[in-house]
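This is a predicted model, so every value here is computed, not measured. Counting convention: from 1, in listed order, for ligands and their atoms alike.
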Amino acid sequence: MNKAWLFDVDGTLTPSRRSMDPEFRIWFCEFMSTNDVYLVTGSDYAKTVEQLGTTITENVECVYGCSGNDVWKNGRNVWYNNWQLPNIAETFLTQCLNESMFEIRTGNHLERRPGMVNFSIVGRNATHEERKQYVEHDTKYNERNQIVKAFNTMFGDEITATAGGETGLDIYPVGKDKAQIIDDFSEYDTIFFFGDRCDPAGNDYTLAQAVSALSGRGSYYHVDGWIDTYEKLQKMLPINA
Ligand code: M1P
């Protein structure tokens with residue numbers, strides 16, 4: 001049996017859109033040297049490199065970016081999905097943007113990535129302070145989960161929206177979510193998956209469900225931020241003990 005360690009990035013290995021903690025990074029690099037590690041992120045490769053550094057992104061077994069729609073090995077792109085968001089869905093998202101009560105708009109509200117789009121009311125150009133203000137708004141009004149629900153009611157036969165990270169929505173064709181990567185593993189693999197959005201509206205949900213359906217060959221850990229991930233890993237695998 002081979003053990004495969006799968007990790008979401010934002011909210012699981014790092015604070016959302018921030019760099020990895022230096023101490024955790026050293027521990028994690030040591031962990032990677034003796035374990036098969038895979039990254040499964042909604043984000044794109046460039047942001048993943050910015051947050052984790054190439055020592056991690058080029059030495060993990062694989063980086064499944066854009067929810068598995070953009071696959072990188074040893075720093076090279078080996079596959080991507082070229083799906084495009086239909087115009088009617090884009091119009092719906094523009095309406096959501098126009099109707100939101102949140103007033104700050106920073107631009108780049110619909111970021112097109114290989115095989116998916118990321119939609120953000122505050123905009124991907126937001127500063128940390130602007131992001132913080134949006135998180136407060138979203139916590140108060142549950143805005144992202146409401147957009148997820150409305151979007152999936154309208155387009156759910158063909159497209160899925162999920163909440164990922166702190167400010168945005170990850171949107172992709174049905175079945176092209178993080179769970180698509182499970183086919184890369186065999187009956188000889190035992191899978192451990194760590195994600196911060198394993199709740200039904202979150203972008204780690206389908207993979208968490210797919211892992212638990214492996215009956216005995218997989219477990220998922222719904223974490224509350226990177227410190228929780230670090231503590232859980234240390235308890236499971238005390239490398240420096
Ligand atoms: O992985 C989900 C998302 O995580 C972050 O989202 P946010 O900026 O809203 O906190 C980003 O890395 C985003 O790109 C990614 O899709």
Applying side chain to side chain donor-acceptor pair (under 3.5 Å) to W83 and not counting sequence neighbours gives none

What protein heavy atom sits nearest atom 14 (O) of ligand 1, and how far away is it? R113 NH2, 2.6 Å

Part of R17 within contact of ligand 1 (heavy atoms, under 4.0 Å): side chain

Proximal ligand 1 atoms for N118, defined as those under 4.0 Å from one of its heavy atoms: 16 (O)

Could you identify the single nearest non-hydrogen protein atom to atom 1 (O) of ligand 1 and state the distance to 0.1 Å? G42 N, 3.4 Å

Going by heavy-atom distance to atom 6 (O) of ligand 1, choose the closest among G65, S67, G165. G165

Report the nearest protein non-hydrogen atom to atom 12 (O) of ligand 1: residue, atom name, distance rounded to 0.1 Å. D10 OD2, 2.7 Å

With a 4.0 Å heavy-atom cut-off (strictly under), which part of R144 contacts ligand 1: side chain, backbone, both or neither? neither

Using a strict cut-off of 4.0 Å, indicate which atoms of ligand 1 neighbour a heavy atom of N203. 1 (O), 2 (C)

For the 3.5 Å polar cut-off, considering only N or O atoms, please tell me whether E166 and ligand 1 meet it. yes

Does a side-chain N-to-carboxylate-O contact under 4.0 Å join D228 and K232? yes

Just heavy atoms, cut-off under 4.0 Å: does D44 contact ligand 1 by side chain, backbone, both, or neither? neither

Residue pair H137 / Q133, side-chain heavy-atom distance below 4.5 Å: no

Go through the side-chain N and O atoms of D177 and S67 and say whether any donor and acceptor fall under 3.5 Å apart. no

Under-4.0 Å heavy-atom contact with ligand 1, by part of E111 that carries it: neither

Where ligand 1 meets S16 - atom numbers and elements under 4.0 angstrom, heavy-atom basis: 5 (C), 6 (O), 7 (P), 10 (O)

Side-chain contact, heavy-atom cut-off 4.5 Å: C66 with D44? yes

Aromatic rings F194 and Y221: how do their planes relate, parallel, tilted or perpendicular, breaks at 30° and 60°? parallel

Can a salt bridge be assigned to the pair R197 and D199 using a cut-off of 4.0 Å between side-chain N and carboxylate O? yes

Look at R131 together with E166 and state whether they make a salt bridge at an N to O cut-off of under 4.0 Å. yes

R131 heavy atom under 4.0 Å from ligand 1: yes

Distance-only N or O hit between ligand 1 and Q51, under 3.5 Å: no

Between E130 and T127, does any side-chain donor sit less than 3.5 Å from a side-chain acceptor? yes

So the atoms of ligand 1 within less than 4.0 Å of a heavy atom of G168 turn out to be 9 (O)

Verdict with supporting geometry, R113 and E111, salt bridge (Lys or Arg N to Asp or Glu O under 4.0 Å): CA-CA 6 Å; R113 301 178 182 166; E111 187 170 86; 2.8 Å; yes

Which of the numbered atoms in ligand 1 are under 4.0 angstrom from any heavy atom belonging to T167? 7 (P), 8 (O), 9 (O), 10 (O)

Name the orientation class of the two ring planes belonging to Y38 and Y64 (parallel below 30°, tilted from 30 to 60°, perpendicular beyond 60°). parallel

Counting each atom of ligand 1 from 1 as listed, which ones have a heavy atom of D170 under 4.0 Å away? 1 (O), 2 (C), 16 (O)

What atoms of ligand 1 come within less than 4.0 Å of a heavy atom belonging to G164? 2 (C), 3 (C), 6 (O), 9 (O)

